[in-house]
Amino acid sequence: MSNHSPRTRLVSFVITCLAAGAAQAGVLPEDRADALYFRYDGGGVVINGPSVLVRKSIGEHVSVQANHYIDMVSSASIDVKTSASPYDDERTQSSLSLDLLHGKSTYTLGAVKSDESDYLANTLFAGVSHDMFGDLTTIGFGYKRGKNDVFKNVKIDGVKQRDPAFAEQMESQGFNLSVSQIITKNLLLSTQYEVVTDEGFLRSPYRQVRFFIDPFSQGQQFEQYPNTRSSNAASVRAKYFLPYRAAVDAMYRFYTDTWGVIGHTGELGYVHPLDKAWAGGSWIFEGRVRYYTQTAADFYRDIFPRADFANFMARDKELATYNAITAGVSATYEFKIARFPWLSKGSLNLRYDYMTVNYDNFRDATFSLGEFGALPAEPLAPGTEPMYKLNANIIQFFISAYF
Amino acid sequence: MNIRGLFVLSAAVLVTGCSSIEPWVAPYDRENLADPIMAFTRAPISQDFLDHVFESREGSRGATGGGGGGCGCN
C-alpha cells in the first residue's frame with residue numbers, strides 16, 4: 001500500500017457514482033452489463049485489472065447493481081524508491097446497491113467492501129432523490145458512513161505479513177446534496193455539494209518525511225498527521241446538445257479542507273456520433289481535457305528544517321502544490337445482433353488518456369537518497385534536487401451489453 | 001456550510017417546491033436531452049475507474065458524480 005486516504009476516497013467516489021443513478025429519479029436506470037480491462041502505467045507504478053458491473057431491474061420498481069473490481073498493483077513509485085522495497089499487491093472491491101422507485105422518488109441503499117492485505121474498508125450508504133417542477137428538476141440527498149481497518153505489512157523471515165503490533169482504525173462520514181436542472185431543450189445543468197469528515201488514523205504507516213541534519217545531509221522519520229479531516233467540495237456541470245447531433249460539456253469543482261488544501265478542477269468534453277452506419281453498427285467518438293491544480297496542506301514540506309520540527313509533518317505528494325493535465329480520446333462501436341433479440345444493443349469501447357503532473361514543491365529525492373537504499377553515484381545536496389514530474393498512460397477497453 | 005446548514009437549505013428547497021410551476025421545456029421537447037450522448041456519464045464502469053485514478057492522486061475529494069440528467073424523458 002502506498003498511502004491510505006485514496007482508498008477512503010475511492011469508496012466515497014464509488015458511492016457518489018452509485019448514487020448518481022438515483023439522481024435520475026422517476027425512472028430506473030436501464031439494464032446493462034459491462035466488463036472492463038484497464039491499465040495504468042506511470043511514475044513507476046503499473047496497475048491493471050478487470051471490473052465487472054451489472055445492473056438489473058426486478059419488476060417495475062426495483063433495480064439492483066453489483067460491481068466487482070480488482071486492482072493488481074506493481075509499485076516502485078517515488079515514495080517506495082526512497083524509503084522501501086518494490087512491492088506487488090492486490091485490492092478487491094465489491095459493491096451492491098438497490099434502487100427503489102416510488103412515484104417521483106428513488107431510494108437508494110448500498111454497501112461497498114474493499115479488501116487489501118493491509119487495508120480493509122466497509123461503507124454503507126443511503127440516498128433519496130426526487131423529481132419536481134414537471135420533471136425539470138431533480139434534487140438528491142445522500143449519506144454514507146465508513147469504517148476502515150489499517151494494518152502494516154512487514155517482512156518477517158523474508159515473508160510478507162501484517163505487523164502483529166500495528167492495528168489502527170479510521171471512520172468516515174459524508175453528506176451530499178445534488179440538484180439537476182433542465183435549462184432549455186438543449187442544455188442540462190447539474191450541481192453537487194459534498195461534505196466529508198474523517199477521524200482516526202489518516203496517514204500512511206509507511207511514508208516518511210525528510211529533514212536536514214546539516215545543509216549537506218538529511219534524515220527521515222515517519223509522517224505525523226492530525227486525526228481529523230473535514231472537506232467541502234462543490235461542483236457544477238453543464239452539457240449542451242449542438243445543432244448537428246453532438247454534445248459539449250464543461251465542469252468546474254472547488255475543493256477546500258481543514259488541512260489547508262484548496263483545489264480547482266476543470267474539464268471540457270466533446271461527444272461526436274457518426275450518423276453513417278458502418279458494418280451494420282455506428283461509431284461515437286469522444287475527446288476530453290481535464291485540468292487540476294491544488295495548494296499544499298499546511299503541514300506539508302518537501303524537507304523539514306530538523307527532526308520533530310512540528311506536531312504534524314507530511315511529505316505526501318498528494319498534499320503538495322501541483323497542477324495536472326489529462327487529455328483523453330475514446331471510440332465506441334455500437335451494434336445489434338439479430339441472433340440475440342434479447343440484446344437491445346452491444347458496444348465495444350476503447351479509451352486512452354495521457355496524464356502529466358507537475359509538482360511545485362515535491363522534489364525528486366532519488367537524486368540525493370538514491371533508490372532502495374543504494375546511493376546515487378553523485379548525490380545532490382538535499383533540497384537542490386529537480387522538481388518531480390509524473391507522466392502516465394491510461395488505457396481502458398470495455399464491452400457493454402444493454403438488455 | 002456544515003451539515004445542519006445543508007439540512008436547512010434542503011428543507012427550504014423542498015418547501016418551496018410545493019408550489020406548482022409550469023415546465024418551460026415540455027416533455028415532448030426533450031428529445032435532444034434524452035439522446036444517450038447527453039448522459040453526463042455515458043459509461044459508469046469507465047468513469048468509476050478513471051475517477052479512481054484521479055481520486056487516489058489528488059488532494060481533492062467529493063462532488064464528482066454525474067448527478068444524473070434530471071431529464072425525466074421516459
Side-chain angles (χ1 to χ4, degrees), chain A residues 6 9-10 12-14 16-17 19-20 23-24 26-27 34 36 38 40 51 53 131-139 141 175 177-178 180-182 184-186 188 190 192-196 231 233-235 237 239 241 247 253 255 261 263 265 271 273 292 294 318-319 349 351 394 396 398, chain B residues 1-7 9-10 13-14 16-74:
Chain A
R9 275 173 280 160
L10 169 65
S12 161
F13 172 74
V14 167
T16 308
C17 290
Q24 286 187 326
V27 181
D34 301 84
L36 170 86
F38 61 83
Y40 169 95
S51 178
L53 180 72
D131 280 352
M132 55 180 68
F133 307 144
D135 297 342
L136 288 178
T137 306
T138 302
I139 186 165
F141 312 94
F175 180 81
L177 167 66
S178 67
S180 296
Q181 179 69 49
I182 292 176
T184 70
K185 64 180 184 179
N186 291 315
L188 293 173
S190 173
Q192 286 193 40
Y193 172 74
E194 184 164 4
V195 55
V196 179
S231 66
S235 68
R237 184 181 292 265
K239 194 153 192 174
F241 191 90
R253 176 180 64 168
Y255 172 88
V261 176
T265 312
V271 186
Y292 176 76
Q294 71 171 48
E318 271 177 54
L319 299 179
N349 308 268
R351 176 167 179 161
I394 307 157
Q396 302 176 69
F398 60 101
Chain B
M1 185 186 297
N2 58 22
I3 290 180
R4 185 181 298 171
L6 260 180
F7 274 117
L9 175 67
S10 308
V13 171
L14 281 177
T16 56
C18 293
S19 58
S20 65
I21 290 181
E22 190 68 27
W24 59 86
V25 181
Y28 52 79
D29 263 342
R30 299 178 193 175
E31 181 187 353
N32 292 347
L33 302 176
D35 192 310
I37 66 168
M38 282 296 282
F40 277 118
T41 303
R42 287 200 304 127
I45 195 169
S46 167
Q47 199 60 48
D48 280 11
F49 161 72
L50 202 58
D51 277 302
H52 169 42
V53 169
F54 297 132
E55 294 277 336
S56 57
R57 283 159 188 79
E58 295 174 351
S60 300
R61 60 182 182 183
T64 53
C71 179
C73 304
N74 294 351

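These numbers come from a predicted model, not from an experiment. Proteins come first, then strands; the chains are lettered A, B, ... in the order of their sequence lines, and each starts at number 1.
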Review point. How would you list, by chain and number, every residue that makes a side chain to side chain contact (heavy atoms under 4.5 Å, CB included) with A/N349, sequence neighbours excluded?
Key: A/T332, A/S347, A/F398, A/S400

With heavy-atom distances below 4.5 Å as the criterion, would you say the side chains of [X] and [Y] are in contact?
| X | Y | result |
| --- | --- | --- |
| A/L136 | B/R30 | yes |
| A/D135 | B/P27 | no |
| A/F38 | B/L50 | no |

Exercise for review: With a 4.5 angstrom heavy-atom cut-off, could you sort out which part of B/A43 is near chain A: side chain, backbone, both or neither?
Suggested key: both

**Study point:** Contact class of A/L36 relative to chain B, heavy atoms under 4.5 angstrom
**Key:** both

In Å, rounded to the nearest 0.5 Å, how long is the span from [atom1] of [X] to [atom2] of [Y]?
| X | Y | atom1 | atom2 | answer |
| --- | --- | --- | --- | --- |
| B/I37 | A/K239 | CD1 | NZ | 7.0 Å |
| B/F49 | A/S51 | CZ | OG | 9.5 Å |
| B/L33 | A/N186 | CG | CG | 6.5 Å |
| A/L53 | B/I45 | CG | CD1 | 5.0 Å |
| A/R351 | B/Q47 | CZ | CD | 6.0 Å |

Review point. So, the side chain of A/K185 versus the backbone of B/Y28: is there a donor-acceptor pair under 3.5 Å, distance only?
Key: no

Search all heavy atoms of [X] against all heavy atoms of [Y] and return the closest pair with its distance.
| X | Y | result |
| --- | --- | --- |
| A/R253 | B/R61 | NH1-C, 3.8 Å |
| A/A247 | B/M38 | CB-SD, 3.9 Å |
| B/E58 | A/Q294 | C-OE1, 4.0 Å |
| B/G62 | A/A233 | O-CB, 3.8 Å |
| B/S60 | A/G263 | OG-CA, 3.8 Å |
| A/S235 | B/A63 | OG-O, 2.8 Å |

Check your understanding: Going by atom types only, do B/R57 and A/Y292 share a side-chain donor-acceptor pair under 3.5 Å?
Key -> no

